[in-house]
Asks: 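Next up is a structure, given as structure tokens.
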Amino acid sequence: MQSNTLYIASLEPEAGKLVVTMGIMEILTRSRGKVAFFRPVIDTDGITPDPDIALICGRYCPSMSYEESYGFQAEEVITFVAEDRIKFFLEELIRQLNSLKKKYDFVLCQGLNSTAFLSAFDVDINMEIAKNLGCPFIGVINGMNQTARDIAKEIKITADAIEEAGCAHFATFVNRMAEDTLGVLEVEIDEPDETSGVPVFLLPENKELDKPSLADISGALNCTNVLGRSDGMDRIVKQFKIAAMTMEHFLDHVEDCDLIIVPGDRDDIILASLCTLFSANYPNPSGILLSGGFIPGPNTMRLLVGRDHSIPLLSVGSDTYTTARNVAAVPALINPGDERKIALALGLFEEHVNGEQIQKMAALTASPDTVTPVMFEYGLFERARSVKKHIVLPESSDERILRATEILLRRNAVDITLLGNPDEITSHAAALGLDLGKATVVDPSNSELTENFIQTFHELRKHKKMTLDGARDAMTNPSYFGTMMVHQDIADGMVSGAIHTTADTIRPALQIIKTIPGISVVSSVFLMCLDTRVLVYGDCAVNPDPNAAQLAEIAISSADTAATFGIDPRVAMLSYSTGASGKGVDVEKVREATAIARKKRPDLLIEGPIQYDAAIEPTVARTKMPDSQVAGRATVFIFPDLNTGNNTYKAVQRSSGAIAIGPVLQGLKKPINDLSRGCLIPDIINTVAITAIQAQSIQGKS
């Protein structure tokens, strides 16, 4: 699957990423159809147009609105950091990028290199954004004033940093290199770079691109155009001169492409500067900037206005010193409409970069395997919203449940029914400042559903000597009532356990919902969201010591759960030995379970017995099980007993910072999920979304 996205970012200030962005955009618009440009963060106020967006969108994607071309302002993101809301920031970027991907064939993202902004983060925020957006990364290095040896080292450091960050590395560009250094480096490195297998492209420094134009200076200083002529404003200003001498001495200092800064009442200097245009003995200035708010006298102006060929004459109100200081601070930009600079930048890129190679790479680039916790959780909501399901929450007396309910309803992820007394729920929500107006509230003690549920439950359990009074008593329990709502298709799933035990949640499900045909055991998995991938751990919460047949069922259920959540199931049946190397009762149980699971589901990739390191680490796998399709690439890890599984998931969670979502119950005909009594609001939200997705999957199979 193609990624259809790229992310370009400078790894240091003034690396010239805009030239690279323009060159890549030129290639993409020729080869990939409708291309969008997106900046996750801009360094302007959102009212003043971002210069890169103005240039790129104006030239390559004029149909894009300004609002959809960027995510946030830098000031907003710094606030998110201070408020510990980075997850919200990343989720919003994923949402915006996904929206663009629906409308465009390709999206080119460009990062921010504001030092003040980046210093707010503990990590390289550009790589963090690219990783979470799933975009292959293009790094741009500033090669100015660096030796070939230094640049070669930096290329290697860059490749290592991108790999360590968990990003897919598309290419590295080294820009602004001295011509002699570029020649040496071209000999020293082979493209693609030997150390990383990633192409490296080298671009020389072009001094003209590093200089402002008269238009840049005029715009920055809010100059008045004295002659009222727009021609010549694209002239490049290589340097500026302050004319404070007499005309005779001043002319000794005139150089080509000067901006001459002179008080507006120095007619002699103004006329002498213009005369250089008609002399073969003097270089030509780019323009004249009059300071002090003065303009030449009437007779001098008659001379100037009467000429067809002249240079721009600009005026500002500030004094000469202030004017010179302001001119020195004007950045060199490539502005929309500055066709000279645009042509120069594109020509530089096309001369030194193999466009066909970039085009082929972009066409063949696959979506990276990276799945971050933010990406996974965002995907849960997207999938839940796609076919909205109805989830019942029986524990409405718990504040966490009410707060999670409001968030779920506001995100339009699911429809929710709360069980409990309507007045009490309304009062509790009001006291917490929550809006639960979109939730349905059902009171089991006073519902038109209750009598039907009593009769149905009695029929289901009368072979177990269940009486009508017993059934009536059961329906006063919110977990039984909620489970019956799922059984009767009034709700699609239930989430409970915030204030009840796992047994309180599972028991009604086993008695009413029952297990899937061919599966005799209800089990669980945790979805372990590591930094760049999601793994499935089962069973870490329900079955203390499953036998071989039960362990096989757990493996099959876990593989199906993985597939439900977009994880390609490669199942590792864990043990303390790998292959045929070990013996013992525990190893034999895993070996037998593996054989049973393979026989029941020959379509699944299942390996066992196998040790954890051989299952997850490719280098270990090559030594211990070199021919296995699972070893080193496992995504589903089946633990032999609850003791091992529960301790392992908690150790991984606490030592690696992984987010453990679950337990997710599996094996039931309809989705019922259990919460930990110590659960947090995000845990409840994720579990409800998971339950909705399970309901979608069950509906799709029915």
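This chain uses plain numbering: 1 for the first residue, then up along the sequence.
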Asks: Return yes if some donor-acceptor pair links the side-chain N/O of N646 with the main-chain N/O of C540 below 3.5 Å, else return no.
Replies: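 Looks like yes, one N/O pair under 3.5 Å.
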
Asks: Quick one: does V664's side chain get under 4.5 Å of F526's, heavy atoms only?
Replies: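 A side-chain contact under 4.5 Å is absent here.
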
Asks: Can you check whether Q511 reaches K464 side chain to side chain, under 4.5 Å on heavy atoms?
Replies: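 Sidechains of K464 and Q511: no contact.
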
Asks: Going by atom types only, do S523 and N543 share a side-chain donor-acceptor pair under 3.5 Å?
Replies: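 There is no such pair between these side chains.
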
Asks: Pairing donors with acceptors under 3.5 angstrom, does anything connect the side chains of N452 and Q488?
Replies: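 Yes.
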
Asks: Side chains of L460 and I512, heavy atoms from C-beta outward: is any pair under 4.5 Å?
Replies: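 Yes; the side chains approach each other to less than 4.5 Å.
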
Asks: State whether the side chain of S386 and the backbone N or O of R383 hold a donor-acceptor pair below 3.5 Å, judged by distance alone.
Replies: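 Looks like yes, one N/O pair under 3.5 Å.
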
Asks: Measure the shortest side-chain to side-chain distance between L535 and R533 over non-hydrogen atoms and say whether it is less than 4.5 angstrom.
Replies: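 Contact flag for L535/R533 side chains = yes.
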
Asks: Side chains of D539 and Q666: do they bring a donor and an acceptor to under 3.5 Å?
Replies: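 The criterion, which ignores hydrogens and geometry beyond distance, is not satisfied for Q666 and D539.
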
Asks: Go through the side-chain N and O atoms of T426 and D423 and say whether any donor and acceptor fall under 3.5 Å apart.
Replies: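 No, no side-chain donor-acceptor contact under 3.5 Å.
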
Asks: Would the distance check show the side chain of E91 and the main-chain N or O of V374 forming a donor-acceptor pair, the cut-off being under 3.5 Å?
Replies: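 A pair under 3.5 Å: no.
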
Asks: Working to the nearest 0.5 angstrom, can you tell me the gap between L409 CG and I416 CD1?
Replies: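 Result: 4.5 Å between the selected atoms.
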
Asks: Using a 6.0 Å cut-off, check whether atom CD of E163 has over 12 heavy atoms from anything other than its own residue.
Replies: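 For E163, atom CD is not crowded (no more than 12 foreign heavy atoms under 6.0 Å).
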
Asks: For a quick check under 3.5 Å, do S557 and D560 share a side-chain donor-acceptor pair by atom type?
Replies: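 No - no donor-acceptor pair under 3.5 Å links their side chains.
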
Asks: With side chains defined as the heavy atoms from C-beta onward, is the minimum distance between L97 and V107 less than 4.5 Å?
Replies: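 They are in contact (side-chain heavy atoms under 4.5 Å apart), so the answer is yes.
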
Asks: Is any side-chain heavy atom of F565 closer than 4.5 Å to a side-chain heavy atom of L380?
Replies: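 Touching, per the 4.5 Å side-chain cut-off.
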
Asks: At what distance, to the nearest 0.5 angstrom, does CD1 of I454 lie from CE of M475?
Replies: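 If we round to the nearest 0.5 Å, I454:CD1 and M475:CE are 7.5 Å apart.
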
Asks: Without hydrogens or angle criteria, can the side chains of S575 and Q611 be said to hold a donor-acceptor pair below 3.5 Å?
Replies: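 There is no such pair (donor and acceptor under 3.5 Å, judged by atom type) between the side chains of S575 and Q611.
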
Asks: Does E382 come within less than 4.0 Å of R95, counting only side-chain N to carboxylate O?
Replies: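 R95 and E382: not salt-bridged.
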
Asks: Using only atom types and a distance under 3.5 Å, with no angle test, would you say the side chain of R591 pairs donor to acceptor with the backbone of G579?
Replies: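 Yes: the side chain of R591 pairs with the backbone of G579.
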
Asks: Assess whether a salt bridge exists between K438 and D415, defined as any Lys/Arg side-chain N lying under 4.0 Å from an Asp/Glu carboxylate O.
Replies: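 Not counted as a salt bridge, because no side-chain N and carboxylate O are separated by less than 4.0 Å.
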
Asks: Does a side chain donor of either N126 or Y7 reach within less than 3.5 Å of an acceptor in the other side chain?
Replies: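 N126 vs Y7: donor-acceptor pair found between side chains.
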
Asks: Measure the spacing between CD1 of I684 and CG of L408 and express it to the nearest 0.5 Å.
Replies: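 Here the interatomic distance stands at 9.0 Å.
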
Asks: How about CG on D603, more than 12 heavy atoms from neighbouring residues, nucleotides or ligands closer than 6.0 Å, or not?
Replies: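 More than 12 heavy atoms, drawn from other residues, nucleotides or ligands, come within 6.0 Å of this atom.
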
Asks: Would you say that I659 contacts F376 through its side chain, given a criterion of any heavy-atom pair below 4.5 Å between the two side chains?
Replies: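 Heavy-atom side-chain distance check fails, nothing below 4.5 Å.
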
Asks: Can you tell me how far CG of N132 sits from CE of M127, rounded to the nearest 0.5 angstrom?
Replies: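 It comes to 14.0 Å.
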
Asks: Under 3.5 Å, is there a donor-acceptor pair linking the side chains of H428 and E399?
Replies: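 The answer is no; no qualifying pair exists.
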
Asks: Thinking salt bridges, do K624 and D613 make one under a 4.0 Å N-O criterion?
Replies: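 Here K624 pairs with D613 in a salt bridge, since their nearest N and O are under 4.0 Å apart.
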
Asks: Quick one: does S524's side chain have a donor or acceptor within less than 3.5 Å of a partner on L665's backbone?
Replies: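 No: the side chain of S524 does not pair with the backbone of L665.
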
Asks: Does one side chain, of D469 or T467, offer a donor that lies under 3.5 Å from an acceptor on the other?
Replies: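 No, because no side-chain N or O of D469 sits under 3.5 Å from a partner of the opposite role on T467.
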
Asks: Between N673 and T687, is there a side-chain donor-acceptor contact under 3.5 Å, judged purely by atom types and distance?
Replies: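 Short answer, no.
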
Asks: Report the distance from atom OG1 of T440 to atom CD1 of I490, rounding to the nearest 0.5 Å.
Replies: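 Going from the OG1 atom of T440 to the CD1 atom of I490 covers 11.5 Å.
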
Asks: Does one side chain, of K388 or N412, offer a donor that lies under 3.5 Å from an acceptor on the other?
Replies: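 Present: a donor and an acceptor within the cut-off.
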
Asks: K589 pairs by side-chain hydrogen bond (donor to acceptor under 3.5 Å, both in side chains) with which of D545, T594, N547?
Replies: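 Result for side-chain hydrogen bond (donor to acceptor under 3.5 Å, both in side chains) with K589: D545.
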
Asks: Centres of the Y649 and Y537 rings: under 6.0 Å?
Replies: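 Y649 vs Y537: aromatic centres not under 6.0 Å.
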
Asks: Kindly indicate, with the supporting measurements, whether the criterion side chain to side chain contact (heavy atoms under 4.5 Å, CB included) is fulfilled by K131 and T532.
Replies: CA-CA 8 Å; K131 176 178 69 176; T532 59; 3.7 Å; yes

Asks: A quick test of your reading: do over 12 heavy atoms of other residues, nucleotides or ligands sit less than 6.0 Å from CD of E83?
Replies: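 More than 12 heavy atoms, drawn from other residues, nucleotides or ligands, come within 6.0 Å of this atom.
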
Asks: Does the ring center of F80 lie less than 6.0 Å from the ring center of F72?
Replies: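 Ring centroids of F80 and F72 are less than 6.0 Å from each other.
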
Asks: Where do H487 and T456 land on the side chain to side chain donor-acceptor pair (under 3.5 Å) test, with the steps shown first?
Replies: CA-CA 10 Å; H487 175 67; T456 302; over 6 Å; no

Asks: For the side chain of Q694 and the backbone of K670, is there at least one donor-acceptor N/O pair under 3.5 Å apart?
Replies: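 No, the answer is negative, given that no donor and acceptor are paired below the 3.5 Å cut-off.
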
Asks: Would you say the side chain of T450 lies within less than 4.5 Å of the side chain of F481, judging by non-hydrogen atoms?
Replies: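 They are in contact (side-chain heavy atoms under 4.5 Å apart), so the answer is yes.
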
Asks: For the CG atom of L551 and the CZ atom of F639, what is their distance to the nearest 0.5 Å?
Replies: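 So the CG of L551 and the CZ of F639 are separated by 11.5 Å.
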
Asks: Whether the K389 and Q696 side chains hold a donor-acceptor pair (N or O, under 3.5 Å, no angle test) is what I'd like checked.
Replies: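 No, because no side-chain N or O of K389 sits under 3.5 Å from a partner of the opposite role on Q696.
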
